[in-house]
Undergrad: 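Below is a structure I'd like to ask you about.
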Number of protein chains: 6
Amino acid sequence: MREVRIERGYTAHAEGSVLVSFGQTRVLCTASVDNKVPGFLRGKGEGWVTAEYGMLPRATHTRSDREAARGKQGGRTLEIQRLIGRALRACVDRKALGERTITLDCDVLQADGGTRTAAITGAYVALVDAIRWLQARREITRDPIFGAVAAVSVGVYRGVPVLDLDYAEDSDCDTDMNVVMNDGGGFIELQGTAEGHAFRRSELDGLLALAEAGIAELVLKQREALAG
Amino acid sequence: MREVRIERGYTAHAEGSVLVSFGQTRVLCTASVDNKVPGFLRGKGEGWVTAEYGMLPRATHTRSDREAARGKQGGRTLEIQRLIGRALRACVDRKALGERTITLDCDVLQADGGTRTAAITGAYVALVDAIRWLQARREITRDPIFGAVAAVSVGVYRGVPVLDLDYAEDSDCDTDMNVVMNDGGGFIELQGTAEGHAFRRSELDGLLALAEAGIAELVLKQREALAG
Amino acid sequence: MREVRIERGYTAHAEGSVLVSFGQTRVLCTASVDNKVPGFLRGKGEGWVTAEYGMLPRATHTRSDREAARGKQGGRTLEIQRLIGRALRACVDRKALGERTITLDCDVLQADGGTRTAAITGAYVALVDAIRWLQARREITRDPIFGAVAAVSVGVYRGVPVLDLDYAEDSDCDTDMNVVMNDGGGFIELQGTAEGHAFRRSELDGLLALAEAGIAELVLKQREALAG
Amino acid sequence: MREVRIERGYTAHAEGSVLVSFGQTRVLCTASVDNKVPGFLRGKGEGWVTAEYGMLPRATHTRSDREAARGKQGGRTLEIQRLIGRALRACVDRKALGERTITLDCDVLQADGGTRTAAITGAYVALVDAIRWLQARREITRDPIFGAVAAVSVGVYRGVPVLDLDYAEDSDCDTDMNVVMNDGGGFIELQGTAEGHAFRRSELDGLLALAEAGIAELVLKQREALAG
Amino acid sequence: MREVRIERGYTAHAEGSVLVSFGQTRVLCTASVDNKVPGFLRGKGEGWVTAEYGMLPRATHTRSDREAARGKQGGRTLEIQRLIGRALRACVDRKALGERTITLDCDVLQADGGTRTAAITGAYVALVDAIRWLQARREITRDPIFGAVAAVSVGVYRGVPVLDLDYAEDSDCDTDMNVVMNDGGGFIELQGTAEGHAFRRSELDGLLALAEAGIAELVLKQREALAG
Amino acid sequence: MREVRIERGYTAHAEGSVLVSFGQTRVLCTASVDNKVPGFLRGKGEGWVTAEYGMLPRATHTRSDREAARGKQGGRTLEIQRLIGRALRACVDRKALGERTITLDCDVLQADGGTRTAAITGAYVALVDAIRWLQARREITRDPIFGAVAAVSVGVYRGVPVLDLDYAEDSDCDTDMNVVMNDGGGFIELQGTAEGHAFRRSELDGLLALAEAGIAELVLKQREALAG
């Protein structure tokens, strides 16, 4: 796995603000607390956790169009932000959160593969910071977080299973899988795609074992960061 | 698994046109051949296979907004059509297809869970029909199809692993997984989401076994339909 | 006139669901009841009847762009759905309907000319089914339907007046007219366009006579379907 | 019929520029010549005539939203501009026009009913001026105009057939019909809508006679304006 | 300075309606009163003044696309309408206006440079007319207008400072500045751009002196118009 | 003036990448080289310099909507990016640049007033880095940069002229002016707005003197950064 760094308090205004790096990939994750919930939850005494994802136009090797200028978010963006939201909701007791929304904005400053897994891993820390902020102001009493969430990519690159693919590996791999797990070793989300040939059960088993090891390491990094 | 029906030639104009039913779920899959490719492939002597997905407003229990009227396709729609496209490209030799695009339009006439897996399973048959149409006109000589592709959902519903969830089961299940495989038993795509608690490796193994059995059955149905 | 078929209960969820065929033209018309009205009617004790129209991308000889993907409905679509809505409102006592909206979704599965007239003719039957559903649940007491509505196209094709033009005739005709009438022989909407040379009063008179005969036949078909 | 005024050369830049008034209704119609044609006509040696329609936000009694700010043209706008385009193409020999497009912009400065019929009547004069401009520069040799086109609305208002309805009459009439004719007495477009009760053949006949008389008068006004 | 004309009551429906001409530039400015305020002001007892700007497609030498058809307002349009709104708010006591919005629609019928300065100068007169209309109906008691606002462009054209640039001068000038001032000689807005070489303080001083003189003249024109 | 820091090479992929800070305001400016020019310049042997501006949703005290999600860039964004583009073009010889476009993406990571002036000041350094990159690869021979460009805001805050306003000062100031100058003391852009009362010539003179001093300091910072 590439070097992982988790830097809290990266920007000043957000209730949680984390710059997470997986090697050359750098994602700014902020958590914003709002005392409202979407329409479908109004009056139910439950909160909501959601995510938005963006990539700065020149985070990548060649400049990509600005989605705001094109007038819509692409399918890849929507897919990733839906994934981040689901992943983070999996560790939150929404009753304990109360009628408020926490929005996790994950903006990629520099991309080198694995932006969605870095985003989930960093957004978790930003989310905990926002919860602590609420607790410090005594707006919530019970802790709504019931476990850590982290994510990593694994893949088969030139016949070899690899953990945490960078862009060069990702572009050229046979199988690409994103794994989201909690700190209890449970799976939250699993997304595997055969890029070249279809993959066999034995390959899948190898990739999952690799991912489990990687997640365990990431959960430690998150704990260290939050203790820091 | 619910009763599966695959009806070829459902509409008259498309090069391939299939109505696929998984129980109450009914999806119309058409394959359209166009002698052009997207810009990034122009001049490379390769073809393209892509998909679009839609749901008629009243395919569902309560009417949902028409995406054309809202002015954009939602994240779920984009995610599904990207999945269908990737799945079908996994069984096509794009060099053998030559510089043409086959677009698979998957429109849900009636929804009762599993629309994306039904769409992939039916779109494969429509795709084969379009290829046959090209072969009959001698526009292509080599067969670009190198294996069948089918998809099924599996999930843990009230503690029990279930194959091919209907809407009621899907809405209330703990884990929901869509599996795309080829007829050689290889995995093409795997998307699992923990809806309730995180799922364990043992649960995952059980679900994958169930999916493998289901896919084998679907591949038979596809063969029967294509032989008919 | 081409063979007309009206098949009720084509899909399961909608309060009214009709597949109407005028020859090769096939339109799925669903009626959805919603206990709300648009803002301009709120609190007035009146209901609303409206329509939306769509064409599956490969309903036509060559694939047309999906309006949801293009991000907007074309002028032709808006024009047709406005026409369908006006036509159906012409047979409904909106006071008797009460503060609810019935939306008629008319989606063309296969197109061969006359999709808008088939849509109106089929949507009327779906509308009556939705009203019966409301009556069966005793949500309304008075019958808000005060007459049948049907529509047909007429045109001058190679000098000869033709009833219910198919696509080949429509593309090549001199005059094209859509006529919406009620079962009392009254005109609800008349839209005639000279495609080639301008048409004379005598030609118009001939076309209107043809349309009157066609509508009478369609009203019978509607009655049979509703009695079935 | 209300007082009709046709003022040529209302603005300076356009190849044709006409302010047309039907009573209080005032529409600025400009004709712009462009030496290109839409994609579907390229290389065919034919020209194109098209129209766009807009209404200034405060042309009406209460301010309506600016379509540019809302981000789309409404259905009524699209319907009207399609009608204007069809009407004007009916008097143009597109071969004689050659590979160029004439765009008729019809912008309503003040609305009091009948904006679409005023627009057609005025746009015809602007179109002729643009053709004359082309002829003066010897860019075309044959005259592509083969007849005049004018339009008027008729309706049944409180039981009485009325020619050229103003806003108050239009809002409250039973039947509303827009008639586009050429100077040879041929019909180009006929759009009649029953607002209250369905209308009978006899009513229709009365309205058409009224429209024929009105159109004859409008054609004279156009001739006077063009001779001026 | 080019000839300036200010014609009140140009259209009938708006509470204020002014056609302003700066030479060949003609802008229709209407003021519309609405008894609502935007969300951020609701319940604060204050009013709002805002502006929208548009250009008819053929107001210019060559036809420009209709913004409503393109589906969005361009950056230039947004910039100008924000400027007009700020300029007009600078002369209004929003408490005295009460909870109502006055919208100034500035639509360019013919453009020959200086459309934004003409718009501000004319919109002020339309605004005063709308205020008088409110006073005549005794809806407001205190006069919310506390000074006149006018605007003019100045620039360095071929080395010479010029007041009120027309299109030819504007396209070819070295420095272009728009100045908004009140009748007390105070600056409300200053926007200067070096088109060719950067401009020096001495050039700036010369341009400001020219602008001051021009504004004084415009304020007189406004007074005459309002007295007329 | 607040502490100014200019950090080159902040991200890895762009030809120029600068993080600029004016106090708490932090803007990431990247310069991307593309060997194409917009349509209006094609074949003229000239290059283009343009800018895009964005603000991360939680760069501000309260979270603002993501423009990509809303589907359009706001008026403020468009206004700022047009300003940045004009400012930078003022120091570039576009003939010497040749037929290539340099796009300056200015994305605000943290906002505390003065984001547009920081963006211009930082984008200049990113632009120079991109030019050096072109020179190092010998793609251009002549240096297209003919002077430095920097920008600063000045304002009257509680009666006192202030240089480089932070958010608190900016929100509460009477007059707010953005000044763009070159290193020769020439003005490139001047945008002043009276927020409270209109400002007098004497106030303007004071603000311009303050701005001139600030710009001189910024130009030194740019030189130091580029020498580093």
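The shown structure was predicted, so the numbers you read here are calculated from the model rather than taken from an experiment. The chains referred to below are lettered A, B, ... by the order of the sequence lines, with proteins before strands, and numbering in each begins at 1. Atom set for the values below is all heavy atoms of this structure, side chains included, hydrogens, waters and symmetry mates excluded.
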Undergrad: Of the backbone (N, CA, C, O) and the side chain (C-beta and beyond), which part of Leu109(D) lies under 4.5 Å from a heavy atom of chain E, both, or neither?
TA: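 It is both, since atoms from each part get that close.
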Undergrad: Listing needed: what donor-acceptor pairs below 3.5 Å join chain D with chain E?
TA:
from      : atom 1 : to        : atom 2 : distance (Å)
Tyr10(D)  : O      : Arg26(E)  : NH1    : 3.3
Tyr10(D)  : O      : Arg26(E)  : NH2    : 3.4
Tyr10(D)  : OH     : Tyr10(E)  : OH     : 2.1
Ala12(D)  : N      : Gln110(E) : OE1    : 2.6
His13(D)  : O      : Arg58(E)  : NH2    : 2.9
His13(D)  : NE2    : Ala111(E) : O      : 3.0
Glu15(D)  : OE1    : Arg58(E)  : NH1    : 2.7
Glu15(D)  : OE2    : Arg58(E)  : NH2    : 3.0
Arg26(D)  : NH1    : Tyr10(E)  : O      : 3.3
Arg26(D)  : NH2    : Tyr10(E)  : O      : 3.4
Ser32(D)  : OG     : Arg58(E)  : NH1    : 2.9
Glu52(D)  : OE1    : Arg63(E)  : NH2    : 3.2
Glu52(D)  : OE1    : Arg66(E)  : NE     : 2.9
Arg58(D)  : NH1    : Glu15(E)  : OE1    : 2.8
Arg58(D)  : NH1    : Ser32(E)  : OG     : 2.9
Arg58(D)  : NH2    : His13(E)  : O      : 2.9
Arg58(D)  : NH2    : Glu15(E)  : OE2    : 3.1
Arg63(D)  : NE     : Asp105(E) : OD2    : 2.6
Arg63(D)  : NH2    : Glu52(E)  : OE1    : 3.2
Arg63(D)  : NH2    : Asp105(E) : OD1    : 2.8
Arg63(D)  : NH2    : Asp105(E) : OD2    : 3.3
Arg66(D)  : NE     : Glu52(E)  : OE1    : 2.9
Arg66(D)  : NH1    : Asp107(E) : OD1    : 2.9
Arg66(D)  : NH2    : Asp105(E) : OD1    : 2.7
Arg66(D)  : NH2    : Asp107(E) : OD2    : 3.1
Asp105(D) : OD1    : Arg63(E)  : NH2    : 2.8
Asp105(D) : OD1    : Arg66(E)  : NH2    : 2.7
Asp105(D) : OD2    : Arg63(E)  : NE     : 2.5
Asp105(D) : OD2    : Arg63(E)  : NH2    : 3.3
Asp107(D) : OD1    : Arg66(E)  : NH1    : 2.9
Asp107(D) : OD2    : Arg66(E)  : NH2    : 3.0
Gln110(D) : OE1    : Ala12(E)  : N      : 2.6
Ala111(D) : O      : His13(E)  : NE2    : 3.0

Undergrad: For chain D, which candidate among Ala59(E), Ala31(E), Ala69(E), Ala111(E) shows the most heavy-atom pairs at distances under 4.5 Å?
TA: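 Counting heavy-atom pairs under 4.5 Å, the top option is Ala69(E).
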Undergrad: Could you list the residues that satisfy side chain to side chain contact (heavy atoms under 4.5 Å, CB included) with Leu163(D), not counting sequence neighbours?
TA: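 In terms of side chain to side chain contact (heavy atoms under 4.5 Å, CB included), with neighbours along the sequence ignored, Leu163(D) is linked to Met1(D), Val152(D), Val154(D), Leu210(D).
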